[in-house]
Structures are given as structure tokens and as C-alpha cells.
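Have a look at the structure below, then the notes.
Quick note on labels: first sequence line is chain A, next is B, and so on, each numbered from 1. This is a predicted model, so every value here is computed, not measured.
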Amino acid sequence: MATSPAERTLRPLRSRRGLAWLLAAPLAWLVVFLALPVAIVFSISLAQQTLAMPPYTPILVWDAVEGLRVDVTLEHYAFLIEDPFYLEALLGSLGMAASTTLICLLIAFPMAHAMATAPARWRAAMLLAVILPFWTSFLLRVYAWTGLLAGRGPINQMLLALGLIDSPLPLMNSNLAVQIGLVYAYLPFMVLPLYAALDRFDGSLLEAAADLGATPWTAFRTVTLPLVWPGVLAGSALVFIPVTGEFVIPDLLGGADTLMLGKVLWEEFFANRAWPQAAAVAVCMLLLVALPGLLRAAWEFVRGQRQGVPAVAARGGH
Amino acid sequence: MRGALPRSRAALVGFLLGALFLWLPIVSLVVYSFNASKLVTVWAGFSLRWYAALWQERALLEAAWLSLCVALMSALLATVLGTLLALALARHRRFRGRFLVGWLVGAPLVMPEVLLGLSLLLLFVSLEQLIGWPAGRGLVTLVIAHATVALAYVTVVVSSRLERLDPRLEEAALDLGAGPLAAFFTVTLPLLAPAVMAGALLAFTLSLDDLVIASFVSGPGANTLPMVVYSKVRLGLSPVVNALATLWLAGVLILALIAFRLWRAARTSPDGV
Amino acid sequence: MSTAGGQVMPTGADVAGGAALALRSVSRRYGEVRAVDDVSLAVGAGEIFCLLGASGSGKTTLLRLLAGFEVPSAGDIFIAGRRMNDVPPYRRPVNLMFQQYALFPHLTVAENVAYGLQREGLPRAEIRTRVGEMLARVALGGLERRLPQQLSGGQQQRVALARALVKRPRLLLLDEPLGALDRRLREQTQFELVNLQESLGVTFLVVTHDQDEAMRLGSRIGVMDRGRIVQVGTPREVYEFPASRFVADFVGSVNLIEVANLVAGPEGWRAEAPALGCRLRLPAAPLPGGRPPVAVALRPEKVRLSVIGDREATAGENAVVGTIEEIAYLGDATNYLIRTTTGVPLRATCLNTAHVAAEGLRWGDAVGCDWPAEALVPLAE
């Protein structure tokens, strides 16, 4: 087929072949090091536990008598259901994730609002104030709280000096400490998407609402909230999902009664060497992670059907 | 004309309290790193002894060196791959499988670290059983694991920049006689450079900071800095860790200032952003 | 009536409700800057009043004062007889059509229009009827379920109009209502807007920087400059009898001529125009207050051009000679720039009433220019 010179010039950048060249390396990388591992986790969750290294039996077995045999078991999943320990860990994780998301939202909204409305010359400093802690080592920031919350740490000393308490509070190794640590570590993940959404928000819409008779609260409810909702969702996802799998914070700040999935998986793997069991926990976690995304896609689909327009169009602001 | 949101004094107070909450623990880390006492919770005068002690800890220094190597290599890999991916996604708005690629890119951003770590380790173990590679775990597996996670972040950073890039600029270059490759290297890439650099810096710090994934995919003898710090921290408070944290913070501050300048340059560049 | 000061103090009757809108010495200061400076104004019910001014003249601030987004630093605002200074925007019987429309991007056309009625707590059925009627009125029937970004610019403009009008405001404020439309659409929309206003009987207050728009829409025009209203009058008054050099220059194209050696005569003032090197005869009508004019305004279309040819001609009374330096053919008219013998340019516009009229004058031609005494508008400042 004849092609015009212009098409030929543009081909390397826009053609299908160009796409293949650009995509080949990164796509291969993602398939081998992201998709394949997830598949392997799934298969190993079906393998038998043994006392070897690696501590599981192969799934495909070549047997002289029966030929190729598939050796799988659902016992690790059955165990997840049988042992209430896992259900407690699941509920503990979900509860912590929910409360962390909510608290972060409550703290982050005024912060993001203040940033979005600040004079331009302050904004850079305000952004840095939020981003820098997030760039500082996660582990070291959690470590800082072990000092602050210690029995003789600054918080207890201050409370003692103020006469609010008679003896130091056992702050460390408690669910409260885990909650503080989680909110602390994940707050920037909530502030930044909210800031981005509020920054894009056109303030004249609020004036239009007021002009049409909406009180400030009504205007917030009917105009601001629906329009920054994508930011709220994004922030919530960035907080909720990683928190369900969080390991470092419950490990360093939590106590014996802190049950969270990330820690359970870690201990199954490193302490108990129960790799297939850990893989089963991982598969459950993966479903948990994928669930909100699937629900959202379904919701968007339904919404799009109802309005008779592509859901994507509804998202595009001005 | 876009109107501005009304300012709110309450929100400003909220911001200041929030910023205080974010910074107080960090400040306390720094303050106690100069404490003469071994007890991290009691102030006993100014001292630099923990910085001297830090210098004596061979395990920490070796781990820091390994972490730096891993961070540099994984950041380089992730930047190249992530930029390629971002270009492919920006140039081709529709192709079969775009949805799947988007999913693959998005996954590491939200997948819990324990999941990423476990799945990568099981991959390496299976590969070693099947084809004998990678033989053992250490630098190579660490670099691969970190590059995989950071790739996603680089793609997101570069993509968001590409989306705001005016496509007419490249067309103008073609119109003025630049070939497609020349147009890419003289127009697109320079405009993209701040975002690529910011992505690389993000990849670098992510790798330097990672404990969970590294714990899974690294082998005996290959301990990264967070792994060593973690084992120290588990044993209780240690002023040496405070000193390390202070140095780390200083490093991050410098890097962040560079990144921030790049980001600002990217935002205020004259292409009508 | 046109007034030189531009400031019309509203009467007691205006404030009591005779006028849809009355402003009494309203000012808005930001620090040292006076965005709106001691403005008094009365707008009658059913009027279309246009506030015309360049950007930064304070017209938008005045509009926002009326809508309630700004609080006056001094003075009083009355709408339909009620003092509005402390009433928040959501309780004012006024609606604003925003410059870029400010349509809610997450709501459909029908939801946008219903928004204000829902805030009044009206029953659903009534809201539905009123929204339907209003959308039919602005010819948007059938687009109820679209989102704003799926509409053309002209359709968006009509949604914004419907959203504001459905509340049946006493006064509708329009901020550059046609500014975002292309030229062809503007003319059509202008007529629609005037028709709608007439059939609904709502008072319109239009803010615009476009004098053409103000002339077409307005029953009266208020010209704003540096926070003050410098002239109020019908479009004809403002164009034919500008009160100041600023108004003459801002509204339409004009030749401003400095005058000297004024002599009052039986048929009016006589004067010299040193820049043009000619004598001037001014119309008999004296300036308000009997002050002597310092300059006169001469509209280009009032200048008559004639070819001189070889004949020797000189400047006379209300007449100069020069050569054609620039010609801009506009179709319906042709604009000429004539370099007079003193070197000062003079603008002239000729209507192209005949097919061949424009052929007569060419670049470099020597021409004579003259104008009747009534064409000169004396300016006191």
C-alpha cells in the first residue's frame, strides 16, 4: 500500500511497529517480574508443605506409573477458614485500614484546602512540608514513634509534668500506637491527591451555587464534595490498600494483641517457614486489594449506563 | 476565568497542626541524635559521640554501600523502562491490551509490600529450580525487585508530564524540518527531562527506603541498610540509629530540594501548563 | 438624560422600590486601591442596563458587589427596595450569569437548571415543570440529560442563562454574556437575549468591555473608568454626545482635536485647531455649566471627503486638506487615514453605498476634508 511521505516520517513514532518497540522491554519486564510471580504465588498456595528447601512439593509430578500428575491441595485455604486466627487478622487489618483512612481524611482535608487556597508563594513551602517527611525513611519515622511513645518518652514525661497522669501510660506496643503510626506514615498519601483535586477545583462554581441560593454547607455538600470525590477515592485507596498489608508498623509499635494480615504473612513465611500457607494468605490479600478496584469499575459501569454517557466523560472537569 | 476557592482560617490552623504532627517526630529524632546519654529518652547535654560510633559500625557501613548500589542500579533500570512505557502509553491512546498494561503498571502502586516481596521471592526460587538462574539471592535479585516497583512510579510521573505536554510542539518541530528522531531528542526529551529526573529520584529513594521487599528477596550476607537498621531497632532504642536518621534526613533534604527545583521548572516551563 | 458627571443620586422613590436597583455612593477599596469609587446609580425595572468599561475599570467588582460576593467599603446597595449590604449571596433576589458560565460539570443540564430551585425547597413536580419550561424557552429541549462539557459554547451559554432565569430573579446580572461566543453566534444570541428579556420582563444588568455589545443590548449604558461611572445615557447619547475625551475615545472611533482661541459668537463658538491648521465653527449648544470646551470630538463617518485634483485648495473653516495614507476596505464601509498638511492624521469613514464609490479614492490622492458644525462635540475635559 502506498504511504505518503508524511506518514512515512511519522511512522517510527506513531505506528504499530513503533509501539511494539517502545513496549517490548518494559512489558516483558512487567510480565516476567510482576504477572508471573503472582501466578506462582497462586500455584504454590495449592502445594503441599514439606520439610525441604524450598519447603513445598512440586505441583506437577512425573510419575512412572501414572504419567504427569497434578498434585494440589486446598488444605491451606481450608485452614484459613478453620482457624479463627486468620479471620481475626483479616478483621483487624480491615478495621485498622478503615479507621486510618477515615482519620487521615479528616486531618488531610483541611490541610489540602489550606494548601490549595494559600498564596502562590507559600505553596511550595507547604508542599515541601508535606512531601519531605514522606521522602524520609519510612522505617526511621516509625522508629521515631517508638521513642516518643516509650514509657519514659517525651509524651509521657509531658503528661506527667502537666499532672494529667500519675504514672506513665503504657502507650507502646498497643493498638493505639499502631493507629498513631499508621496515620502518621500514610497522611501524605491522603493530602496529596486531595490537594491535587482541590487545586483543580474552580472556585467560581461555589459562587454560582451561592448565587443560586445554596448556603456554604449546602454548596460544599452538593458541589465541592462531588467534584473532589475522585481525589477522595484516590487518597483513600492509597491509604486503605497498603495499610491492610502493613508489616513494619504493627511489628514495631504493636503488641501481642495486634493482629494484622501483613504481620501474619511475614511470620508464616519467616518464623514458621510455612511458604504455601503464606502464599494462601497472599492470595486472599490480593483478592482484597483487587476488590475495591473491581467494585469501582462496576459502579462506574452502572453509573455510565444510568446517565447514558460514557462514565469517563463524567469525570473530566473543566 | 477560574475563580479561587475561598480561604479559610480554620483550614490554615488545621494545616499547621498537621504539619506539626508530621514534623515533630522527625525533629525529635534529630535532637536526640546529639544527646550525650545512651538513654534516648533523657537529655544529658550535646554530643557528637553517636556520629563517631556510627562510623565504627562496619555492618551499617557495608549495608549502606550495598543499598546505594542497589538504589542506583534499580533507579537507572526503572527510569529507562518506565520512560519507554510512559511514551508508549501517551503516543498510543488506544491499542488492544492497553487496559492490561495499565493494570500491570498500577499494581505495584497499590499492592502491599509483603505481597510483592513474597511473589518475587517465590519467582526467584522457582526460576532457580528450573533454569538455575538467579543463582542465590543478593544484589541481582534486589535490583530486579526494586526496579519492578519503581518502574510503576516512574511511569506515572513521566505520563502525567506527557499528558500536559502540548502535542503541537513536536508537530512544530516536524514542520520546521526536524526528523521524527531529531524532534524527539530536541523537543520532547528536553521538556520531559525534569519529569524523568524526578522519577529517577523517586525510584532511588524508594529503593533506599525499602525494608519489606528487600527482606524477602535478599539472601544471606546481603543486608541492605533498612534491614540492618530494622534488626537494631527491634532490639530497642539506639542513639546510633538517631545519628543515622539525621544524616539520612540531611541527604533527603538535599535531594528533595533538587527534585523540587526540577519539578518547579517542569511546571513553569513555557508550554502553557 | 445624559449627565456629564455620570453620577445620578437615586431619589427616595428609587430606593423605596421604584427602581430594580439603586446604588448610593458605593465604594469598594482594597487597601489604597479604589476598585469602585463612590458610584451612585438607579436602574429601572425592565431595563437592560449595560456597564461598559475596559478591564480593571471596576465593572466586575461592581457586579460582584451586587451579587453579594464583595462587601461595599462604603455606601448602600438597594435591590427592589431592600438594603442588601449585609445579605449573603444565597439570600439575594439576584442571579448572576457567570463569565465562563460556571456550570456544574458533575450535573446534567436539567440538574444544573434545577439546582437553584432545589435550594428553595420547592416540590419536585414544580421543579420539573419549571425546568422543562425554561429549557424549552432557551431551545434546549431534548438536551436535559447531557453534561455541560458535551454541549457547544452557545448551548452552554443558554444553560447558564436558563439556570439563572429559572429562579425568577428581580435582577439578572450578566458578566460578559457573549464574550465566549464566536462572532456569528454573538449577533444571533444578542437578539435572543433581548427577546427573552422583553418577554420575561426581568431587569438585566450587563457587564461588558465590548462597546458593540453594549450598544446593541443596552437600553442605557454606563461607562466606567477607574472605578467611577463617567457617563450614563442611551447608546445614542453616549455615542453622539460623549461627556469626556475618555468616553469619546472608548466608545467608537474618534478624532480628538484640541482647540484654542475660543470666541463666543452669535451662531456658536468659533475656535482655532492649531494641530490641523484650520478654524473651527462649533455647534450652538453650550457645554453644561457654560464652561468653554478644551477639545472637540469628530466621528470619522461625519467627515466628508472630496477629490481635489489639480485645483489649488487650502484649509478653511471646518475644512482641511491632506493626502490619503492608508485605506482599509471593510465591505460596508471604507476607513481612510488622511495625513493633513500639518502632518497630523485625520480618520474618515465613507459608506460604500455605490459599487464604484471606493474606486474614486486611491492611496496618495490629495483630498479635501470637511464637516458640518453639528458634527463637532465640544469636550470640557
For chain B, find which of Leu252(A), Leu206(A), Val38(A), Val191(A) contributes the most heavy-atom pairs closer than 4.5 angstrom. Leu252(A)
In terms of heavy-atom pairs under 4.5 Å with chain B, the winner among Val248(A), Leu265(A), Leu286(A), Leu128(A) is Leu128(A)
Residue list, ring-ring contact (aromatic ring centres under 6.0 Å, His included) with Phe138(A), at least two apart or on another chain: none
Bottom line for Ala107(B): the part with an atom under 4.5 Å from chain A's heavy atoms is side chain
Ignoring hydrogens and angles, tell me if any N or O in the side chain of Tyr143(A) forms a donor-acceptor pair with the backbone of Ser238(B) under 3.5 Å. yes
For the rings on Phe269(A) and Phe216(B), is their centre-to-centre separation under 6.0 Å? yes
Given that the side chain runs from C-beta out, which part of Leu116(B) has a heavy atom under 4.5 Å from chain A: side chain, backbone, both or neither? side chain
Which donor-acceptor pairs under 3.5 Å do side chains of residues 13-28 of chain B form with protein atoms, sequence neighbours excluded?
from     : atom 1 : to        : atom 2 : distance (Å)
Trp23(B) : NE1    : Ala129(A) : O      : 2.8
Ser28(B) : OG     : Pro25(B)  : O      : 2.8

If one checks every heavy atom of Phe134(A) against chain B at 4.5 Å, the contacting part turns out to be neither
Given that the side chain runs from C-beta out, which part of Leu206(B) has a heavy atom under 4.5 Å from chain A: side chain, backbone, both or neither? neither
Given the options Ile107(A), Asn156(A), Thr146(A), Val281(A), which has more heavy-atom pairs under 4.5 Å with chain B than any of the others? Thr146(A)
Is it the backbone or the side chain of Thr155(B) that comes under 4.5 Å from a heavy atom of chain A, or both, or neither? neither
Using every non-hydrogen atom in the two residues, find where Gly262(A) and Val114(B) come nearest and quote the distance to one decimal. O-CG1, 3.9 Å
